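The analysis underlying the following values was restricted to heavy atoms, covering all of them including side chains, and did not include hydrogens, waters or symmetry mates. Each chain gets a letter, A, B and so on, in the order its sequence line appears, and its residues count up from 1. What you see is a predicted model; the values in this text were computed from it and never measured.
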There are 2 protein chains.
Amino acid sequence: MPNNQFKKGELYSFITGKASTAIARRLQKKFNTAQLNLTIEQWSVLYHLWKQDGISQQELCNATFRDKPSITRLVDNLEKLKLVKRVSSKEDRRMNLIFLTAEARKMEVESMALAEETLNEALEGVPADMVEVSKQVLQIVYDNLK
Amino acid sequence: MPNNQFKKGELYSFITGKASTAIARRLQKKFNTAQLNLTIEQWSVLYHLWKQDGISQQELCNATFRDKPSITRLVDNLEKLKLVKRVSSKEDRRMNLIFLTAEARKMEVESMALAEETLNEALEGVPADMVEVSKQVLQIVYDNLK
DNA sequence: GGCATATAGTTAGTTAAACAACTAATCAAA
DNA sequence: TTTGATTAGTTGTTTAACTAACTATATGCC
């Protein structure tokens, strides 16, 4: 017997991810208002570099769930913005290690504050235990499909 | 006191929507395998036309949470694929009413079955009450931000 | 050492999203 | 009835995702 939890009429929101889209749009607006000249996608790359600087493009692919061409172009654009620098690895010359510039390091605190603010607005009125359940479900969904 | 439910380290998945992205990618793969020559975005437009044919582009904007240029281009591409037809409204000549072609009507059953299949795979092992909580949370998030 | 294979990254082409600026049709109010 | 504002849709530009095809380096096996 199939795990038939969804009727036709309920499919749409889950597949199109309207909630996460709304969160990303709200955060993008906050970035624009704050004159942080960053797309959400660029921010998502910086997010992982703030956690660990000097990782390879492949590691950025894994961390951000993007494919290699996407990371190539994001790093291209971040380099144009002088926010990261490609450095060829000495151990393995196929690899580029990606390093933050001083300017990019300065953006961490402000952008993370805006991200937290956005999430708090998104989850206004949602009890903590329901948030916890949702996080678990989204993680299982991801694990089921990856 | 702020609704401070998120620590820094937990921001990423919620904002980037990795679960809904994974669902959309899985469904896209199923479409490709089934030789359904459709993007998920095109499917999301057809989805609403299957529910109600002959609605305007503005109504499609509201239904799919997209802006007008996005719908213009999606309808352009669906028209090229001969899946929809623009018909200028007689009551208000500013409006285009969008109608499914016979070919598009044929795609409903198969594509909806693949969508349900995808969701069942995504939610494998998730108890129904947790799914219910997640749906509620995602709806609240959307309402908070829209 | 030399060859096949795998891995890291780039390039090209199509589709799509966000934003701004635009045209055309409608409506409302003086 | 003409002017001004609103609404529906289009076009141009930039950024990004996905696929496929590509280059270059590294590895493993004989």
Quiz item: In residues 84-107 of chain B, which residues come under 4.0 Å of DNA chain C by heavy atom?
Solution: B:D92, B:R93, B:R94
Quiz item: Taking A:E59 for the side chain and A:L97 for the main chain, is one N or O donor matched with an acceptor at less than 3.5 Å?
Solution: no
Quiz item: Do B:D143 and B:Q139 have side-chain atoms, one donor and one acceptor, less than 3.5 Å apart?
Solution: yes
Quiz item: Where the side chain of B:W50 meets the backbone of B:A104, is there a donor-acceptor pair that is under 3.5 Å apart?
Solution: yes
Quiz item: Residues from residues 61-77 of chain B sitting under 4.0 Å of DNA chain C, heavy atoms only?
Solution: B:R66, B:D67, B:P69, B:S70, B:R73, B:L74, B:N77
Practice problem: Measure the spacing between CG of A:N77 and OG1 of A:T39 and express it to the nearest 0.5 Å. | Solution: 8.0 Å
Quiz item: Any link between A:I55 and A:L46 through a network of hydrophobic side chains (Ile, Leu, Val, Met, Phe, Trp, Tyr) touching at under 4.5 Å?
Solution: yes
Quiz item: Could you give the CH2-to-P distance, from A:W43 to D:dA16, as a whole number of Å?
Solution: 14 Å
Self-check item: Nearest-0.5 Å distance, CG of residue A:L60 to CG of residue A:N96
Solution: 10.5 Å
Quiz prompt | Residues touching DNA chain D, which here means a heavy atom under 4.0 Å, drawn from residues 17-42 of chain A | solution = A:T39, A:E41, A:Q42
Self-check item: Sidechain-backbone polar pair: B:E108 side chain, B:R105 backbone, donor-acceptor under 3.5 Å
Solution: no
Quiz item: Is the backbone of B:L83 close enough, under 3.5 Å, to the side chain of B:E103 for a donor and an acceptor to pair up by distance?
Solution: no
Quiz prompt | Cationic N near anionic O, under 4.0 Å, B:R26 to B:E121 | solution = yes
Self-check item: Aromatic A:Y142 / basic B:K18 pairing, under 6.0 angstrom, 45° off normal
Solution: yes
Exercise. Mind calculating the distance between CD (A:E79) and C1' (C:dG9) to the nearest angstrom?
Key: 13 Å
